[in-house]
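See structure below.
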Amino acid sequence: SEKLLKLAASVPRDSLVAPGTCFGKFTKSQKFRLSVTALDFLAPYAKYKVWVKPGSEQSFLYGNHVLKSGLGRITENTAQYQGVVVYSMADVPLGFGVAAKSTQECRKVDPLAIVVFHQADVGEYVRNEDTLT
């Protein structure tokens with residue numbers, strides 16, 4: 001944003017890496033891992049979404065996977081291993097993950113089966129505040 005760019009102008013060039021928002025980092029195996037700081041930018045454009053029940057929000061925000069028992073809704077035609085944005089039932093983006101099951105499989109699995117693998121959530125702001133960049 002322009003506001004951030006104006007604030008970065010007051011920092012010496014040799015101390016500044018890049019002005020902006022960190023979307024993620026590359027791992028040692030050269031794979032890109034999204035960070036929770038990208039959530040505000042990606043959530044409005046997400047094609048595949050998952051809504052969790054109020055009782056499961058806390059569990060997801062502590063870094064746990066989403067179980068079938070905590071699944072509120074899921075976007076139709078979500079494929080297995082598709083990236084999804086996780087929302088609360090009040091349409092507040094909580095984080096992202098990977099769909100462990102397709103939409104059709106979610107209908108017939110047992111309540112303790114994992115339906116979304118956890119990747120990042122807004123609880124990381126509190127858990128990793130000293131290392132989050």
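What you see is a predicted model, and the numbers here were worked out from it, not measured in a lab.
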Residues that F26 engages under ring-ring contact (aromatic ring centres under 6.0 Å, His included), provided they are two or more places apart:
F32

Gap between atom CZ of R33 and atom CD of Q119 - 0.5 Å precision:
5.0 Å

Scan the side chains in residues 42-54 for donor-acceptor partners under 3.5 Å anywhere in the protein, sequence neighbours excluded, and list what turns up.
| unit_1 | atom_1 | unit_2 | atom_2 | d |
| --- | --- | --- | --- | --- |
| W51 | NE1 | D91 | OD1 | 2.6 |
| K53 | NZ | S69 | O | 3.4 |

I need the I74 CD1 to Q82 CD distance, nearest 0.5 Å.
10.5 Å

Would you give me the side-chain donor-acceptor pairs under 3.5 Å for residues 59-67, sequence neighbours excluded?
| unit_1 | atom_1 | unit_2 | atom_2 | d |
| --- | --- | --- | --- | --- |
| S59 | OG | N64 | ND2 | 3.3 |
| Y62 | OH | Q58 | NE2 | 3.2 |
| N64 | ND2 | S59 | O | 3.3 |
| H65 | ND1 | H118 | N | 2.8 |

Provide the closest heavy-atom pair for V86 versus G97 in the form atom of the first, atom of the second, distance.
CG2-N, 4.5 Å

Between CD on residue E105 and OG1 on residue T78, distance to nearest 0.5 Å
11.5 Å

Under a single-linkage definition using a 4.5 Å side-chain heavy-atom cutoff for Ile, Leu, Val, Met, Phe, Trp and Tyr, are V98 and I114 assigned to the same hydrophobic cluster?
yes

OG1 (T75) and CZ (R73) are apart, to the nearest 0.5 Å, by 8.5 Å

Does Q80 reach the main-chain N or O of K101 with its side chain, forming a donor-acceptor pair under 3.5 Å?
no

Distance check, rounded to the nearest 0.5 Å: S56 atom OG versus K68 atom NZ?
11.5 Å

With side chain to side chain contact (heavy atoms under 4.5 Å, CB included) as the test, pick out the partner of V122 among L39, T37, V92.
L39

NZ (K25) and OG1 (T27) are apart, to the nearest 0.5 Å, by 12.0 Å

Do F96 and M89 sit in the same hydrophobic cluster, where Ile, Leu, Val, Met, Phe, Trp and Tyr count as joined when their side-chain heavy atoms come under 4.5 Å apart?
yes

Tell me if the CZ atom of R107 is crowded by more than 12 foreign heavy atoms within 6.0 Å.
yes

